Chemist: 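Before I ask anything, here is the structure I am working with.
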Amino acid sequence: MSVRQQYDDIGEAFEGFKSLPLARYGEVPSFLTLVGDVRGKAVLDLASGTGFYSREFARRGASEVLGIDISGEMVAVAEELERSAPLGVRYEVGDVAELRPLERRYDIATAVQLLNYAEDTAAMERMCRAVHRSLVPGGEFFLLNQRPDYRFDGPPLDRYGFRSELTGEEAETGPRVRITALLDPQPISFVSTCPRREVYEKCLRAAGFDDLAWVPLQVSEAGLEEFGTDFWADVLADPPLVMLRCRA
């Protein structure tokens, strides 16, 4: 099944991912802290899904936000949310590996779970080049991905709302993985790859990015207060996600 089909099938349910403990208290606060102050900046949100981060950047004062996603169904949900509570965010359907030339260059680009859907190294490099040419010189690119050295045979992540499993298949960029969001009443699964660190670094550098830095996921103070420190021990010892920042 293609990436587009996987996400078209999820549609509106995707919004529920952000309420699961790992996303709500780990991914979201960590990624927003990494991106930092967006006031007055133009933000390009790639693999924007239903627009969760696009809306958040607009609320935080970005001067312009464009969200691009390969799934027409995801974009339709994002546009409906924009109509019901306008923030000035624009969305469009697009494949980042074949990204059209944009009308302007952006100060910041973000990509949550994007490069892990590249079919091979060449496709990942095309994605990275498309992002690089869409940024102003010195613009920043922030990514959140599956952590390449996550131990799939370690303690399960079910209590955090997700399950990560190897499928047994290998792609050029790394092993294929199945991620299941344990939503109630219907869990949702999708398959991507878990690219190796050197694949990310090689493709980003080949596209012209430098100042690459891997940034670990943190659990927010609210998450520690809500569940206690012990609850988070497994996910902090072996985080399934990791962030990456670099500069054009």
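Model, not experiment: these values are computed from the prediction.
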Chemist: Please give me the minimum heavy-atom distance between Glu170 and Pro175, naming the atom from each residue.
Modeler: OE2-N, 3.4 Å
Chemist: Between the main-chain N or O of Thr173 and the side-chain N or O of Arg196, is there a donor-acceptor pair closer than 3.5 Å?
Modeler: yes
Chemist: Are any of the side-chain heavy atoms of Ser220 and Glu225 separated by less than 4.5 Å?
Modeler: no
Chemist: Determine whether Ile108 and Met127 fall in the same hydrophobic cluster, where Ile, Leu, Val, Met, Phe, Trp and Tyr are linked whenever their side-chain heavy atoms lie under 4.5 Å apart.
Modeler: no
Chemist: Distance only, no hydrogens: is a donor on one side chain within 3.5 Å (strictly under) of an acceptor on the other, for Trp232 and Gln218?
Modeler: no
Chemist: Hey, are the side chains of Thr121 and Lys202 touching, using non-hydrogen atoms and a 4.5 Å cut-off?
Modeler: yes
Chemist: Spell out, as yes or no, whether a donor-acceptor pair under 3.5 Å connects the side chain of Asp234 to the backbone of Pro155.
Modeler: no
Chemist: Would you say the ring centroid of Tyr25 lies under 6.0 angstrom from that of Tyr160?
Modeler: no
Chemist: So, for Val219 and Leu236, which heavy atoms are closest and what is the spacing to 0.1 Å?
Modeler: CG2-CD2, 3.8 Å
Chemist: When Ser48 is tested against each of Leu66, Asp69, Ile70 for side chain to side chain contact (heavy atoms under 4.5 Å, CB included), which residue passes?
Modeler: Asp69
Chemist: Kindly indicate whether the side chain of Glu64, heavy atoms from C-beta on, has any atom under 4.5 Å from the side chain of Val43.
Modeler: no
Chemist: Report yes or no: does Ser30 contribute a side-chain atom to a donor-acceptor pair with the main-chain N or O of Glu27 at less than 3.5 Å?
Modeler: no
Chemist: Counting only N and O atoms by type, is there a donor-acceptor contact under 3.5 Å from the side chain of Arg247 to the main-chain atoms of Gly139?
Modeler: no
Chemist: For a 4.5 angstrom cut-off between non-hydrogen side-chain atoms, does Pro240 reach Val235?
Modeler: yes
Chemist: Could you tell me if the side chain of Asp45 sits less than 4.5 Å from the side chain of Ile68, heavy atoms only?
Modeler: no
Chemist: Would you say the side-chain atoms of Arg129 pair up with the backbone N or O of Ala206, donor to acceptor, closer than 3.5 Å?
Modeler: yes
Chemist: State whether Tyr106 and Arg104 meet the cation-pi test: NZ (Lys) or CZ (Arg) under 6.0 Å from the six-membered ring centroid, and within 45° of the perpendicular axis.
Modeler: yes
Chemist: With no hydrogens and no angle check, is any side-chain donor or acceptor of Asn116 less than 3.5 Å from a backbone partner on Leu114?
Modeler: yes
Chemist: Quick check on the 6.0 Å ring-centre criterion: do Phe209 and Phe141 meet it?
Modeler: yes
Chemist: Between Pro156 and Phe162, is any pair of side-chain heavy atoms under 4.5 Å apart?
Modeler: no
Chemist: When you measure from the side chain of Glu82 to the backbone of Gly88, do you find a donor-acceptor pair of N or O atoms at a distance under 3.5 Å?
Modeler: yes
Chemist: Specify the closest pair of heavy atoms between Val242 and Trp214, including all atoms of both residues, with the distance to one decimal.
Modeler: CG1-CZ3, 3.6 Å
Chemist: Check whether any side-chain heavy atom of Glu165 sits under 4.5 Å from a side-chain heavy atom of Thr180, and report yes or no.
Modeler: yes
Chemist: Please step through side chain to side chain contact (heavy atoms under 4.5 Å, CB included) for the pair Ile179 and Gln146, ending with a clear verdict.
Modeler: CA-CA 10 Å; Ile179 308 299; Gln146 299 298 115; 3.3 Å; yes
Chemist: Using atom types as modelled and distance alone, determine if a side-chain donor or acceptor of Thr50 lies under 3.5 Å from a backbone N or O of Ala78.
Modeler: no
Chemist: Which heavy-atom pair separates Thr193 from Ala118 by the least distance, and what is that distance?
Modeler: OG1-O, 4.5 Å
Chemist: Is there a donor-acceptor pair closer than 3.5 Å between any side-chain N or O of His132 and the backbone N or O of Ala248?
Modeler: no
Chemist: What are the two closest heavy atoms between Ser63 and Gly40, and how far apart are they?
Modeler: OG-O, 3.4 Å
Chemist: If you look at every heavy atom in Ala23 and Lys18, which pair is closest and at what distance?
Modeler: CB-CA, 3.8 Å
Chemist: Parallel, tilted or perpendicular: which fits the ring planes of Phe152 and Tyr150, with parallel below 30° and perpendicular above 60°?
Modeler: perpendicular
Chemist: Is any side-chain heavy atom of Arg147 less than 4.5 Å from a side-chain heavy atom of Leu241?
Modeler: no
Chemist: So, the side chain of Arg176 versus the backbone of Thr167: is there a donor-acceptor pair under 3.5 Å, distance only?
Modeler: no
Chemist: According to side chain to side chain donor-acceptor pair (under 3.5 Å), who are the partners of Arg205, at least two apart in sequence or on a separate chain?
Modeler: none
Chemist: Passes side chain to side chain contact (heavy atoms under 4.5 Å, CB included), Glu140 versus Val35? Steps please.
Modeler: CA-CA 9 Å; Glu140 293 181 289; Val35 175; over 6 Å; no
